[in-house]
Amino acid sequence: MIEVYNTLTRQKEKLEPGQPGRVSMYVCGPTTYNYIHLGNARPLVVFDTVRRYLLYKGYKVTYIQNFTDVDDKIIKRAGEEGEEPLDLAQRYINEYFTDADALHVMRADKHPKVSEHITEIIELIQKLIADGYAYNVDGDVFFEVRKFPGYGKLSGRSLDEMQAGARVEVNEIKRDPMDFALWKKAKPGEPSWPSPWGDGRPGWHIECSAMALKYLGSGFDIHGGGYDLIFPHHENEIAQSEAAAKKPFARYWMHNGFITVNKEKMSKSLGNFFLVREILDKFPGEVVRFYLLSTHYRSPLDFDDEKLAASQRGLERLKNSYARLSEALAGTGADDGAAGEEERQFALKLDQLKESFEAAMDDDFNTALAIAVWFDLAKEINVYLNKFSPGGPGASPELLKQAEKLFAVFNRVLGVFKEDPSTGRVVLNENEDSGNNDLVDKLIELIVDIRQQARKKKDWDTADAIRDGLKELGITLQDTPQGVKWKK
RNA sequence: GGCGACGUAGCCAAGUGGCUAAGGCGGAGGACUGCAAAUCCUUUAUUCCCCGGUUCGAAUCCGGGCGUCGCCUCCA
């Protein structure tokens, strides 16, 4: 049984999809006026992981993530760069996929764009006007919040409370300061579309309502996004959608916590943001993803290079264990396969670990705990493998395969390492450049050979000098029982 | 001002009424090695911000205090 923390009810609830065996999800995607930053990346990775776990549990998942390609910030940026707003938005949509791919975020079933859903948006607004929830003031259309009784139910505040704060800009043409724009009258030089109220473009909130209703219908299962979207964005989505459809919009609202820098929210206005691709210059995507999942999704996550580096070292541990496993598996030829006490223990552990992993994920997608279970798996693999010395009796290939499979399952759910689609096996080093630089490789091997000759003669001074010298060039040598391993 | 979240080891981070307070990084010790490196193993919080209270029993519940952060305006 999966439990989900629902922002709407402020508690964990049993996940019961509207249609048995199917889960529909809508996640608010980025406004594409720049490369995405780490704060944008968190919901992508978090909800991608939710999706992956639901798939693992056998649900058919319909996953929609929009792009906001019509927006004030896009228009502003386009003006600065002398580019058409829609072209600029499309450019960053393409760039988005580069980053998302690096983080192993699966493609949504549909990535709808605002600019391609103007018709649906207009129809929705028309309905809201017809039903008395919205009004047109000379080409600007607003949603009248006082007409929607449930306004404030998601963010947990009342209209009166919000106005007590009274930091809302005064806008004479609105009936209530909290009313928000559904349709904005066109200004010269801005992208606009014809509508019954004159040329203009959609307000921010209406797009998500229109697209979610179109692709998932009202009463779909999970709506996700960042914590800061609760108000006003999601509050307004609920108001519009439920006013129009006369029934609940989304059943479970999930919100991820912020990425912080020195404990302060990472945001564009504070200027303390880090672009995903800047980070990817220093760390592989799998490390970034692993780091993003190392904390529960609702908690804040503080970012700095040190923490990523710590994650990277932790990930090495997982990789090593899997590499050892693969090596052992390749080496186990003729084995008695006798199921001794060691084997029974190990088999039992594997079962327990699988259960623990699922229990962690069932509990509101507790990836931090799930990762701990993953480390436990690595340890159990190591402990089991340590019982066998090279040349002696081998480990059980059956169990090793089972362990490998479990590792791959954990990996598939968390999406950390790439997977070989044909074998289902984990790919540990997707970014390693293979094959090129033949000459350099050959030179290194020549040097290594010479060093080996020195070592044979116990000429340690020469051997160490070569090792130190190569190290300074960024090449590390390891003398192992299987021979010398080197790494650039 | 209104509303909300959080405070667990040197650092990160699970756990929210009861077995020995997960896991990772770092540290320490050991195995391996010519020495290293890498790896593996072991170890690392008598205690969960502080003070009261409830309870047979609290990191976990309640009250108060201190501190940090967030939302209320575009933001993932």
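Throughout, protein chains are lettered first and strands after them, A, B, ... in sequence-line order, and every chain is numbered starting at 1. As a basis for the values below, the full set of heavy atoms in this structure was taken, side chains included, without hydrogen atoms, waters or symmetry mates.
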Have a look at A:K485 and say if it touches a base, only the backbone sugar-phosphate, or nothing, with a 4.0 Å heavy-atom cut-off. nothing
Let me know which of A:T31, A:L44, A:L275 forms a side chain to side chain contact (heavy atoms under 4.5 Å, CB included) with A:I36. A:L44
Which pairs, with at least one residue in residues 100-114 of chain A and sequence neighbours excluded, count as a salt bridge (charged side-chain N to carboxylate O under 4.0 Å, His left out)? A:R51-A:D109, A:D101-A:R107, A:K113-A:E116
Indicate, with a heavy-atom threshold strictly under 4.0 Å, whether A:A310 touches base, sugar-phosphate, or nothing. sugar-phosphate
In whole Å, I'd like the distance from the NZ atom of A:K73 to the C1' atom of B:rU73. 11 Å
Closest nucleotide of RNA chain B for A:N40 versus for A:F290: which of these residues is on the 5' side? A:F290
Rounded to the Å, how far apart are A:F273 CZ and B:rC74 C1'? 14 Å
Using the test side-chain hydrogen bond (donor to acceptor under 3.5 Å, both in side chains), find all partners of A:H117 that sit at least two apart in sequence or belong to another chain. A:Y215
Could I get the full list of salt bridge (charged side-chain N to carboxylate O under 4.0 Å, His left out) partners for A:D479, not counting sequence neighbours? A:R451, A:R455, A:R467
Sticking with atom C1', work out how far B:rC48 lies from B:rC61, rounded to a whole angstrom. 15 Å
Nucleotides 9-14 of chain B: which of its N/O atoms have a protein N/O under 3.5 Å away?
| unit_1 | atom_1 | unit_2 | atom_2 | d |
| --- | --- | --- | --- | --- |
| B:rA14 | OP1 | A:H296 | N | 2.8 |
| B:rA14 | O3' | A:N366 | ND2 | 3.0 |

Treat primed atoms plus P, OP1 and OP2 as sugar-phosphate and everything else as base, then score nucleotides 34-43 of chain B 5' to 3': B for base contact with protein heavy atoms under 4.0 Å, S for sugar-phosphate contact only, - for none. BBBBSSSSS-
Whole-Å gap separating C1' (B:rG15) and CG (A:D364): 14 Å
Can you check whether A:H234 and A:H205 have ring centres sitting under 6.0 Å from each other? no
In whole Å, measure the gap between the P atoms of B:rA59 and B:rG2 for me. 33 Å
Give the rounded distance in Å between these two atoms: CD1 of A:I36 and C1' of B:rA76. 10 Å
Whole-Å P distance, B:rA9 and B:rG4: 27 Å
Length of the line joining A:D160:CG and B:rC72:P, which is rounded to integer Å: 19 Å
Please give the nucleotide sitting opposite B:rG26 as a Watson-Crick or G-U wobble pair, both distances under 3.5 Å, or none. B:rU44
Which part of the nucleic acid does A:I230 contact within heavy-atom distance under 4.0 Å: base, sugar-phosphate only, or nothing? nothing
Listed pairs under 3.5 Å, donor-acceptor, residues 375-383 of chain A side chains, sequence neighbours left out:
| unit_1 | atom_1 | unit_2 | atom_2 | d |
| --- | --- | --- | --- | --- |
| A:N382 | OD1 | A:R324 | NH1 | 3.2 |
| A:N382 | ND2 | A:A378 | O | 3.3 |

On a whole-Å scale, what distance lies between the P atoms belonging to B:rU54 and B:rC72? 41 Å
Pick the P atom in B:rA38 and in B:rG29, then give their distance to the nearest Å. 15 Å
Counting any heavy atom closer than 4.0 Å, what does A:R157 reach on the DNA or RNA strands: base, sugar-phosphate only, or nothing? base
Between A:D69 and A:T32, is there a side-chain donor-acceptor contact under 3.5 Å, judged purely by atom types and distance? no
Nearest-Å distance for atom pair CG/P, residues A:N256 and B:rG70: 16 Å
NZ of A:K354: more than 12 outside heavy atoms within 6.0 angstrom? no
Partner lookup for B:rC61, please. Criteria are Watson-Crick or G-U wobble with both distances under 3.5 angstrom; report none if nothing qualifies. B:rG53
Sticking with atom C1', work out how far B:rG67 lies from B:rC49, rounded to a whole angstrom. 8 Å
Tell me what A:G39 touches on the nucleic acid: a base, only sugar-phosphate, or nothing, going by heavy atoms under 4.0 Å. base
Side chains of A:T9 and A:E13: donor-acceptor distance under 3.5 Å anywhere? yes
Positive for salt bridge (Lys or Arg N to Asp or Glu O under 4.0 Å) with A:D72, one of A:K187, A:K184, A:R77: A:K184
Taking B:rA76 as the reference, what is the distance to B:rC71 when you measure between their C1' atoms (whole Å, please)? 14 Å
Quote, to the nearest angstrom, the P distance that separates B:rA28 from B:rU68. 34 Å
Assign each of A:K268 and A:S311 the nucleotide of RNA chain B bearing its closest heavy atom; nearer the 5' end lies the nucleotide of A:S311
Compare the minimum distances between each of B:rA22, B:rA76, B:rC74 and the side chain of A:T31, then state the nucleotide with the smallest one. B:rA76
Length of the CZ-C1' vector between A:F231 and B:rC74, whole Å: 13 Å
Using a distance-only test with no angle check, is there a side-chain donor-acceptor pair under 3.5 angstrom linking A:Q345 and A:E341? yes
